[in-house]
Structure formats: structure tokens, C-alpha cells
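Every value quoted in this text rests on a predicted model; they were computed, and no experiment measured them. Because only heavy atoms are used, hydrogens play no part in the values below, and waters and symmetry mates are left out as well, while side chains stay in.
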Amino acid sequence: MSRLERAFFARDTLVVARDLLGRHLVRVLEGERITGRIVETEAYTGFDDQASHGRHGETARNRPMFGQVGVSYVYFTYGMHWLLNVVARPEGAGYPAAVLLRAVEPLTGLDQIAARRDGRPPREWTNGPAKLTRAMDIDGGLSGVDVTAPGSPLCFEEGEPVPDEAVQTGPRVGLGSTPEPWLSMPWRFYVADNPYVSRHR
DNA sequence: AGCACGATTAACT
DNA sequence: GTTAATCGTGCTC
């Protein structure tokens, strides 16, 4: 299975978020591959997106969002959760942007995932942004990783693209007090009727 | 220096 | 449906 190259991520953030559906997220851990089929993403883009971590400018935390595309951005939130993004924007675009990985369908490394998600049914292993990082042992140490570099502990592979009729969109999740119109922008992408898409209120 | 809150989850009633 | 857990970040004083 071939790896997604830098050019894949050097496109409009919304296009990349959409195109990541059906692709495989690969975590190489102690020589073993934990992989999942991506079924849910969200786009965060531009200085004006009031929901994006990049909205107040560059800081030590959000630095990857301002850097090269195809690099991971992993951050800590709610005092206990790590969330995984990958930087994506057109070449030469002068703004921060990234795609949040919200849910995957487990494919390989099931034993490793099960061990990290002990006691829970498979459906709840990776159906949420913090669940998948827990399942795949992803934390802040994996922020700023070039996912297109050979031998990287994190990468993306071609997988099988999802046809338009199987793609659904909607507002992004968990934005709380974010003002309109950003609160309602349909920048969440997910595979229709897939049991691993995250559930929420 | 202090403080409110978050791109969430799991355990309750 | 409601709420506690838990702490780094970034804004305000």
C-alpha cells in the first residue's frame, strides 16, 4: 500500500479533509503496524476561523499549523486527552490550517488496540478523536512529525477513496462558544452509516 | 500571577 | 440527559 506524499496535503484544507476519508492512518509502534480506515475528519483553517487554534497567531503549542504541510499537530486538551491533526493547505498559502482526525475503523494491530482500550467493545475503540489517539498510543511526543518521511512512526496510506454519495458533511463538533458563522460551517466530513463515526449529543 | 475554559470521554441518574 | 475528571494554554489584570 503506497504512502500519501507531500502533494496530497498541499491542497485546500477542505479538499484534504474530504479526501482523507477511506485512507489509512498508520502508526508504527515497536516495529508493528497499527492501522485504521479514516471515517471522520474536520477542517480548521485560516486566521479568521474562530474555532481554529491558529486564530490568535503562532504560539509554541500550535506551531505545526503554521509550518510545512504533511506534518502532524498533536495537542492536549481537557486535562487528559490528546488530539491528532495533520497540516494541510495549498502551496504558498500564508495561513495556519490542519485536519483533525476524529475517527477510524480499526484494521490491523487489533491486539494492541484492544490492550489500550481494555474491556470496551470494538465499536468504542476508535470512534472519537481522543479514543483513537489512546488506541494508537499517540501523544505530544508525536507532534511535529513529518508523516511523509520514510520510517516515520506515523503516516498515511492510499487505502480506498470514498465515493461522493457515501460522504456526509455537517457542523464541527465541540466548538462550544465559537461565534457564527464558524460554529455552523459544514467542515466535518464522515462516512455515511459507518459504526465507527463518533457519537455525541 | 491568576483564572476560565477547552476541536472530550466515561460514568452517572 | 447530566456531570466530574483534570491541567495546559492563553487571555486579562
What I want to check is whether the side chains of Ser198(A) and Glu40(A) have a donor and an acceptor closer together than 3.5 Å.
yes
Can you give one letter per nucleotide of nucleotides 3-13 of chain B, going 5' to 3': B for a protein heavy atom under 4.0 Å from the base, S for sugar-phosphate only, - for none?
---BBBSSS--
Partners meeting side chain to side chain contact (heavy atoms under 4.5 Å, CB included) with Asn127(A) (sequence neighbours left out)
Glu124(A), Lys131(A)
Evaluate the side-chain proximity of Arg11(A) to Val69(A): yes if any heavy-atom separation is below 4.5 Å, no if none is.
no
Aromatic centroids of Phe9(A) and Phe156(A) separated by under 6.0 Å
yes
Write down the distance separating the P atoms in dG1(C) and dA7(B), rounded off to the nearest Å.
23 Å
Would you say the side-chain atoms of Glu42(A) pair up with the backbone N or O of Val173(A), donor to acceptor, closer than 3.5 Å?
yes
Glu180(A) atom CD: more than 12 heavy-atom contacts under 6.0 Å:
yes
Do Val147(A) and Val71(A) sit in one hydrophobic cluster, given that two such residues count as connected whenever their side-chain heavy atoms are within less than 4.5 Å of each other, even indirectly?
no
Under 3.5 Å for both pairing distances: what stems, at least three Watson-Crick or G-U pairs long, include DNA chain B?
B:1-6 with C:7-12, B:8-12 with C:1-5
Would you say the ring centroid of Tyr75(A) lies under 6.0 angstrom from that of His53(A)?
yes
